[in-house]
K.L.:
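Sending over a structure as structure tokens; questions will come in a sec.
Proteins come first, then strands; the chains are lettered A, B, ... in the order of their sequence lines, and each starts at number 1.
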There are 2 protein chains.
Amino acid sequence: MTSDSRLSWRDVRDRIHEHILTGRYGPGDRLPRDADIAEELGCARSTVQRAMQDLSDSGLVERRRKGGTRVRAEPVTRATLDIPITRREVEQSGARYGYQLIRRRMAPAPRGVVAAFGLGASRPMLRVEALHLSDGRPYIFEDRWICPETSPEVNDLDFTEESANEWLVLNKPYTRLDLRFYAVSANPRLSDLLETEPGAALLVIERTTWVDDAPITTVKAITTPGYQLLTGS
Amino acid sequence: MTSDSRLSWRDVRDRIHEHILTGRYGPGDRLPRDADIAEELGCARSTVQRAMQDLSDSGLVERRRKGGTRVRAEPVTRATLDIPITRREVEQSGARYGYQLIRRRMAPAPRGVVAAFGLGASRPMLRVEALHLSDGRPYIFEDRWICPETSPEVNDLDFTEESANEWLVLNKPYTRLDLRFYAVSANPRLSDLLETEPGAALLVIERTTWVDDAPITTVKAITTPGYQLLTGS
DNA sequence: AACGGTAATATGTAGCTACATATTTTGTCA
DNA sequence: TGACAAAATATGTAGCTACATATTACCGTT
């Protein structure tokens, strides 16, 4: 791109990355000041700043005011995950999407849900259990709790046609998100719903969202065997 | 922060986010041009640009030249994952870290590894199997393949004291990363190594790295039951 | 030597301008 | 009507300046 005479901030970033790759700057080493790099490369400090920000965002370097920039002594593996709406995920794989509501009812939130939201005490919430299908076969079972105080509209929604997943993602943007991944063995009910052998290992994607400390929803998405979650970046 | 008279790009971002939250702009809607928003809020276009970039990065809006900015019609749940070095992960939990090499030998790469790297044919690679311990108990078992063409130094490393995980993360920065998560049932060997019941559900974190299309390493990190992977953002 | 205040310094941010780039829209000609 | 070229337009990027902010370094006092 901008391959002219001017250096783009991506060029600068890649050049510094290159220096880290080749060992010119090793873990813990301090890099020159932005201004010096700018002069050396013949670009503006703002360009170096953008490049450094990006390297910092991707976890390769650490920056501190007055302290300068240094290569992370203990790098982290950092990646961005995109989790689409389940319907879209199925459709993009070329399969036909299906949806089936299993149960919808108010119930007092159990301990796990109260803890996920960081609430003090239990309270009644809407529990929605549903099955996402891919070409007619079970794909993901979701066990969801919705806080009716934050989303009063759910009292008028039956979730028989549109999934809570879809409705919430479209209508309830969040300000805070908590994700966790773990594995569980299929208990009799799960193996029945997902049509798997009892005891099969299943990946669970647990998601909890808030708007400014007000809990929206928490959901366990229990996937079928063989399901893999991939990074896009 | 910059709470003075001047608006920071974070303020602008939050203000626009607020408008999306309250439904002033719904999914698919087009937002005003940056310049108009800048004028309305009394700040520079560059400030709005930064705010919009951030909203775009977090998957809330989509921007296209000439096309303008619009709220994503089908939002994605986007999150950033940080996976630290295993030693550090254990130490940060307050436990004592231990490491044990199980096996280290050259072997022809099996199909799965060849596929993960996107190679045409199999070739000999270094396989390193090792156990990470937390307070003396198994924590993560890693089954790793290293490409000796890309990292010839590994021929002189025995990985009995320092884990391949640590050495690679410190000495082999990558330019491309592939992450995948899934669940497996513990087979007899795994349940023996990890001291779990046979058939236990285990979360697997699979990581593959490259430097400019040259494969570095691919590793299956098989965690013990109860292990959870969390987002930091 | 310990403490505390002040200066020095590197990054962070806001604003401005100018131009680049991608895309849509418009207009013209066959 | 269709195809293609040209104009219009919104975002993207680079450079500059000025100032804010965090943190380290220094120095004087006790």
K.L.:
When the distance from CZ of B/R50 to C1' of D/dT13 is rounded to whole Å, what number comes out?
P.N.:
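About 12 Å, once rounded to whole Å.
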
K.L.:
Just to be sure I understand the rule, does A/G67 reach a base, reach only the sugar-phosphate, or reach nothing, if contact means heavy atoms closer than 4.0 Å?
P.N.:
nothing

K.L.:
D/dA20 P sits how many Å from B/D11 CG, rounded?
P.N.:
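To the nearest whole Å, that distance equals 16 Å.
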
K.L.:
What pairs of residues pass the ring pair (Phe, Tyr, Trp, His ring centres under 6.0 Å) test when at least one of them lies in residues 155-176 of chain B, not counting sequence neighbours?
P.N.:
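Matches after skipping sequence neighbours: none remain.
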
K.L.:
Report yes if at least one side-chain N or O of A/T69 is closer than 4.0 Å to OP1 or OP2 of C/dA10; otherwise report no.
P.N.:
no

K.L.:
Is there a side-chain contact (heavy atoms from CB on, under 4.5 Å) between B/T150 and B/W210? Walk through the geometry before answering.
P.N.:
CA-CA 9 Å; B/T150 315; B/W210 293 261; over 6 Å; no

K.L.:
Is there a residue in residues 23-48 of chain B whose heavy atoms reach under 4.0 Å of DNA chain D, and which residues are they?
P.N.:
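Those residues whose heavy atoms fall under 4.0 Å from DNA chain D, taken from residues 23-48 of chain B in numerical order, are B/R30, B/R33, B/D34, B/R45.
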
K.L.:
Reckon B/R10 touches a base, only the sugar-phosphate, or nothing at all at heavy-atom distances under 4.0 Å?
P.N.:
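Here B/R10 touches the backbone only, sparing every base.
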
K.L.:
Scan for salt bridge (Lys or Arg N to Asp or Glu O under 4.0 Å) pairs involving residues 51-61 of chain A, sequence neighbours excluded, and state none if there are none.
P.N.:
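Passing the test, one end in residues 51-61 of chain A: A/R13-A/D54.
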
K.L.:
Only pairs at least two apart or in different chains count here, so list each ring pair (Phe, Tyr, Trp, His ring centres under 6.0 Å) that has a residue in residues 63-101 of chain A.
P.N.:
A/Y97-A/H132, A/Y99-A/H132

K.L.:
Take B/T231 and A/L177, measure what side-chain contact (heavy atoms from CB on, under 4.5 Å) needs, and give me the verdict at the end.
P.N.:
CA-CA 9 Å; B/T231 54; A/L177 164 69; 5.5 Å; no

K.L.:
Would you be so kind as to tabulate the donor-acceptor pairs closer than 3.5 Å made by side chains of residues 32-49 of chain A, with sequence neighbours excluded?
P.N.:
| from | atom 1 | to | atom 2 | distance (Å) |
| --- | --- | --- | --- | --- |
| A/D34 | OD1 | A/R63 | NH1 | 3.1 |
| A/D34 | OD2 | A/R63 | NH2 | 2.7 |
| A/Q49 | OE1 | A/R63 | NH2 | 3.2 |

K.L.:
Evaluate whether atom CD of A/E153 has more than 12 neighbouring non-hydrogen atoms of other residues, nucleotides or ligands under 6.0 angstrom away.
P.N.:
yes

K.L.:
Among residues 53-66 of chain B, which residues get a heavy atom nearer than 4.0 Å to DNA chain D?
P.N.:
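Nucleic-acid contacts, sorted: B/Q53, B/R63, B/R64, B/R65, B/K66.
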
K.L.:
For D/dG12, does either OP1 or OP2 sit under 4.0 Å from a side-chain N or O belonging to B/Q49?
P.N.:
yes

K.L.:
To the nearest angstrom, how far is A/R70 atom CZ from C/dA10 atom P?
P.N.:
13 Å

